[in-house]
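This report refers to the structure that appears directly beneath it.
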Amino acid sequence: MLATQDVYPSSTSYLTNDERRERLILKRHLIDLLELSFAQEAAEFAASDAWEEDGSVSAIDWLRFNCKMTTGAAANSIAVGETMIRIPESAQAVTDNEIGYAHLTTIVRTEDAVGERFNEKLLLEKARESSPGKFYYICHHYRHAADPKRYADEQAEQVLQRRLKLSTWMDGSVLISGQLDPAGGAALRAAIEPLVRRTGAHDDRDLEQRQADALVELALRGGSPAQIQVTSSLETLLGLAGAPAADLELCALPISAKTVERLACDCSITRILLGSDSMVIDVGRAKRTISGPARKALNVRDRHCTWPGCERPASWCDGHHLEHWAHGGTNEPDNITLLCGRHHWMVHEGHWQIIRDSDGRMLTIPPTVRFGPLLN
Ligand SMILES: [Zn+2]
Ligand SMILES: [Zn+2]
């Protein structure tokens with residue numbers, strides 16, 4: 001057992017390995033119990049006027065400042081405290097040390113995201129058998145299955161949040177900071193990854209230096225189109241209800257069906273399609289890709305992005321299937337048009353439509369639902 005002095009840092013060099021293991025597990029459980037109790041108090045505090053009395057703008061802000069927490073941690077505590085009454089079995093599982101507080105936070109956030117479709121028993125079972133990191137990932141698939149539209153909208157919103165700031169220092173160095181959505185970040189990683197590898201035993205550059213060198217090399221030489229691997233079920237690609245999200249190589253979180261649809265539309269992607277029994281049924285079949293002479297003919301015909309008013313050159317464009325091959329569309333030139341990355345995204349994830357009229361002109365139809373300032 002732990003004694004009062006165990007709360008303060010002190011050397012444990014006198015312990016046996018068995019004792020070390022046992023104590024760490026016990027300590028983490030006690031911390032989780034304290035987190036649970038803190039969460040309940042934080043939620044009750046948020047419902048009171050105590051934080052207002054202190055002049056704070058919100059309970060989260062009060063916790064952030066007075067309890068020395070990050071905004072995310074404070075918000076999580078209040079959310080867990082407010083939700084635990086609706087998920088008693090999960091809260092009890094933390095008390096019984098079957099799952100950790102980290103699992104519980106993910107359960108709460110998932111309940112918040114899927115609303116009425118939340119199934120506590122199912123998720124609790126997954127939590128018991130998964131590490132918190134894996135469980136977080138599983139919950140994203142679950143959220144996609146429960147509400148693919150909301151999931152796709154959230155990912156679309158993340159694309160609208162993309163930022164890249166380049167500032168020049170006094171000595172001419174360029175400082176880079178920014179933010180990419182999960183799929184965009186994965187594309188960048190895939191593009192620089194071959195250039196990030198060490199060039200031999202003598203290469204003693206650290207990871208950050210190699211990444212910076214790789215980015216400059218990419219900018220100078222253009223590089224070849226990134227090959228990204230997408231693993232998706234056929235149900236996901238067809239956008240069927242209840243389908244899980246898809247996995248994108250090098251991407252921290254699962255991606256929505258809409259994004260898979262766009263990536264699978266383009267030829268620079270290695271697709272792995274899974275049947276309902278998780279057996280591989282298709283690995284990027286060549287006949288669906290637009291490459292070689294067919295792509296050259298397309299480049300000559302369209303010359304640039306065919307979105308009205310856009311002139312991004314053909315080499316920067318994807319071959320977009322006007323009727324997706326997953327829905328029976330062919331690889332014939334009539335069914336394909338060049339679209340730049342931005343416009344390809346707007347068609348698949350941004351809810352725009354692009355059609356070719358009988359005179360061969362491209363017409364665009366804006367989304368009926370607006371969800372971001374850039375799509376006005
Ligand atoms: Zn497309
Ligand atoms: Zn374009």
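Note that ligands are numbered from 1 as they come in the structure, with each ligand's atoms numbered from 1 the same way.
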Only counting residues at least two apart or in another chain, list the ones meeting ring-ring contact (aromatic ring centres under 6.0 Å, His included) with F118.
none

Mind checking ring-ring contact (aromatic ring centres under 6.0 Å, His included) for H103 and listing every partner two or more places apart, or none if nothing turns up?
F135

Just to be sure I understand the site: which N, O or S atoms from the protein are less than 2.8 Å away from the Zn ion (ligand 2)?
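N, O, S partners closer than 2.8 Å: C305 SG, C310 SG, C340 SG, H343 ND1.
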
Within H321, is some N, O or S atom less than 2.8 Å away from the Zn ion (ligand 1)?
no

Taking the Zn ion (ligand 1) as the vertex, measure the angle between atom ND1 in H320 and atom NE2 in H348; round to 10°.
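The two atoms form an angle at the metal of about 110°.
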
Can you confirm whether R356 sits close enough to T337 that some side-chain heavy atom of one is under 4.5 Å from a side-chain heavy atom of the other?
yes

Is there a side-chain contact between L363 and I354 in this structure, where contact means two heavy atoms from C-beta onward sitting under 4.5 Å apart?
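A side-chain contact is absent here, since even the closest heavy-atom pair is not under 4.5 Å.
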
Checking S90 against E120: is there a side-chain donor and acceptor pair closer than 3.5 Å?
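Indeed, the side chains of E120 and S90 share at least one donor-acceptor pair under 3.5 Å.
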
Establish, from distance only, whether the side-chain atoms of H348 and E261 form a donor-acceptor pair under 3.5 Å.
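Side chains of H348 and E261: pair found under 3.5 Å.
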
ring-ring contact (aromatic ring centres under 6.0 Å, His included) contacts touching residues 57-101 (sequence neighbours left out):
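Qualifying pairs: F45-W62.
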
